[in-house]
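Data first, discussion second: the structure below is written as structure tokens.
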Amino acid sequence: MNTDAVKVLPGRYCNSLTEYSRFITREVNIGDVPMGGNNPIRIQSMTTTDTMDTIGTVEQSIRMVDAGCEYVRITAPSIKEAQNLAEIKKQLRARGYTVPLVADIHFTPNAAEVAARIVEKVRVNPGNYADKKKFDQIDYTDLEYQGELERIFQKFTPLVKVCKEYGTAMRIGTNHGSLSDRIMSRYGDTPQGMVESAMEFMRMCEQLNFYNLVISMKSSNPQVMVQAYRLLVETMVAEGMNYPLHLGVTEAGDGEDGRIKSAVGIGTLLEDGLGDTVRVSLTEEPEAEAPVAIELVRRYTERKAKSEKQKAKEQELSAFSLQPSAWHSPYEYKKRETYEANVFIGGHLVPRVVVDLSKKNLKDPAVLNEAGYLYSPLLDKYNMAEQSVDFVYLANELPSFTLPGNLKQLYNYNTWLKLADKTNCHPVFTLQEYIGDVDRSSKLNLVHLKPADIDSEDFGSIQLDKSLVLVLETDALHGMAEQRSFFFKMEELGLDVPVIVKRSYIFESESPEVGKSESEADLKSQISDLTSKLQLYASTDLGALLVDGFGDGIWIDAPELPTGVITSTSFGILQATRSRISKTEYISCPSCGRTLFDLMVTTQMIRSRTSHLKGLKIGIMGCIVNGPGEMADADYGYVGSGTDKITLYRGKEAVKKNISSANALDELINIIKGDGNWIDAVQE
Ligand code: SF4
């Protein structure tokens with residue numbers, strides 16, 4: 001066992017729960033781009049070409065490196081692809097690209113042993129390296145379990161020896177969807193099972209004095225993924241290990257969904273100071289992944305580099321509570337218990353969404369379209385979309401039209417006081433305004449405050465009744481940790497007041513030209529850049545609290561962006577954290593050299609016919625590697641099983657095997673209909 005530089009962790013799984021502090025891992029050499037230790041958080045991705053297509057793979061790798069990838073992973077499903085890695089490497093080097101290559105291995109130790117002699121790193125999946133997955137629920141006795149480990153050790157040792165001889169690194173990459181039957185039978189598909197699956201292989205490596213390891217714990221469910229990485233760190237540290245972490249949410253999907261889901265999982269762990277390399281898995285071209293990963297990581301590079309002056313100011317702001325909560329486990333989801341306020345928030349209700357319309361055109365009822373209330377001038381009425389916000393904040397502005405009855409309006413206290421008709425209108429107080437003998441709403445009073453206010457005298461004298469809801473805002477650089485500490489303190493004080501978590505994003509200083517551009521195309525591209533930043537930042541900041549069960553509502557303020565972007569990002573974050581479902585979820589793999597159909601085209605085709613099936617989870621996998629296991633998290637699955645052949649799943653069960661891809665989608669829809677889960681789409 002190598003115990004160099006392993007620290008005892010005050011937060012058990014991270015250095016600090018209240019300020020950004022990177023968990024320093026051991027440095028691992030991967031070609032000439034070392035990972036871990038004090039090295040930058042590395043960016044990587046995986047090719048989607050056929051590994052036997054040398055030119056295609058070389059050219060795609062070059063595009064990935066040019067987009068910012070520091071390692072390129074390529075699948076090696078059999079010995080012939082493993083051997084072709086030599087040719088790919090040769091051609092890349094000939095073109096001046098020295099990027100370290102990683103061979104991706106599932107099921108095939110013989111291919112791994114060939115690849116490990118050629119590339120700088122091999123990835124093995126402990127769920128299938130030496131096991132065939134049959135979904136047998138075998139009950140292993142301790143003796144049988146030990147016997148299985150011995151068998152795996154015999155099969156795994158030759159690869160470790162090759163890696164040691166050639167200086168090749170190894171990633172032990174656990175995937176929630178492909179745990180072995182042995183692990184499943186003892187631990188189930190739990191974060192603990194994922195951790196143990198990797199730990200068994202890590203212990204074998206250490207037994208063989210091999211330490212050039214990187215570890216990952218991927219899942220398509222960001223909540224499971226976050227819990228598994230945290231538990232891994234605690235388990236590693238308890239055993240004197242500190243291997244670098246490769247972060248990723250697997251099968252995150254595409255577009256906005258893929259970005260939000262990735263940021264919730266990866267961003268939460270980066271906030272905890274965990275992670276040495278990031279791979280964002282999108283069902284898009286692989287060169288589209290690196291910019292997303294770079295943007296996620298950039299915040300922490302900047303955070304580290306902030307001035308001492310800023311740091312001192314923040315420490316002062318967040319010094320009110322530095323202890324982890326005794327009531328909160330970072331390894332399992334438990335929603336913070338709150339009372340249900342008189343109006344529609346807290347308790348067992350799904351988290352609510354607030355948007356700010358105070359600076360919009362409040363003379364036009366169509367202003368509500370982007371908040372999910374579609375105005376029909378002909379009928380002079382609103383139709384609710386699937387994603388319609390619960391509260392609009394109007395500050396001191398009065399709309400000149402009647403708002404829909406189910407939409408609640410929030411006004412600054414002094415403006416609310418003067419309203420003649422207060423139906424559906426509620427006040428937002430500052431903490432100072434709320435103290436003392438003032439007129440309040442009998443139904444709902446929101447009080448705006450910052451985390452440090454919890455230690456103030458004013459907060460101590462706050463009137464507690466079921467009309468009170470707090471709006472928690474922060475301007476600290478490490479705002480998530482500051483807000484999380486506030487929740488710990490609320491638990492400590494035994495306060496069950498619902499809390500809306502608010503974050504504000506002003507990008508103006510970074511993009512001074514937004515709104516001032518003369519060209520419409522420029523403006524569109526700037527808005528698209530800012531949208532992507534907002535999706536990543538807000539998903540990290542708010543998602544990190546929601547995956548831990550904190551927050552009865554969210555309020556994103558981003559004045560430079562259209563309301564529609566804020567609405568859709570808010571609902572996307574709630575969907576990714578599984579706290580409020582408002583649309584169909586697609587668990588689609590990013591594709592790789594094993595892919596048996598065009599993932600991007602197929603995903604769009606399936607989306608176009610099923611996107612109205614709110615709450616349904618549909619898995620779309622290029623091959624069977626993670627197929628059946630990942631199906632456990634999906635209601636239905638569409639999995640490549642041969643050239644032009646698709647196998648359809650209901651949960652983990654294959655219900656139609658090897659059907660022609662030409663009618664696979666119709667067949668999938670028939671299965672959904674047969675199960676009574678189909679509704680017809682509303683024609684607009
Ligand atoms: S599920 Fe998709 S990304 Fe994963 S190995 Fe199969 S084709 Fe490749």
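Basis for what follows: all heavy atoms, side chains included, without hydrogens, waters or symmetry-related copies. All ligand and atom numbering here is 1-based and tracks the order in the structure. Only a predicted model underlies this, so the values are computations on that prediction, with no experimental measurement involved.
If you number the atoms of ligand 1 from 1 as listed, the ones under 4.0 Å from a heavy atom of G622 come out as 2 (Fe), 7 (S). Heavy-atom contacts of C592 reach the following atoms of ligand 1: 3 (S), 5 (S), 7 (S), 8 (Fe) (cutoff under 4.0 Å). Listed by number with element, the atoms of ligand 1 under 4.0 Å from a non-hydrogen atom of T595 are 7 (S).
E285 is listed as a side-chain neighbour of Q60, based on a closest heavy-atom distance under 4.5 Å. Proximity of Y13 to L231: side-chain heavy atoms (C-beta onward) are nowhere separated by under 4.5 Å.
When the ring pair (Phe, Tyr, Trp, His ring centres under 6.0 Å) test is applied to F201, the partners found at least two apart in sequence or on another chain are F156.
Among the backbone and side-chain atoms of C589, an N/O/S atom is found under 2.8 Å from atom 2 (Fe) of ligand 1. Not one N, O or S atom of C623 sits under 2.8 Å from atom 8 (Fe) of ligand 1.
How far CG of L274 is from CG of L245: 6.0 Å, rounded to the nearest 0.5 Å.
Using modelled atom types and a 3.5 Å distance limit, the side chains of Y333 and D548 yield no donor-acceptor pair.
In this comparison of M621, M46, R594, the heavy atom closest to atom 5 (S) of ligand 1 sits on R594.
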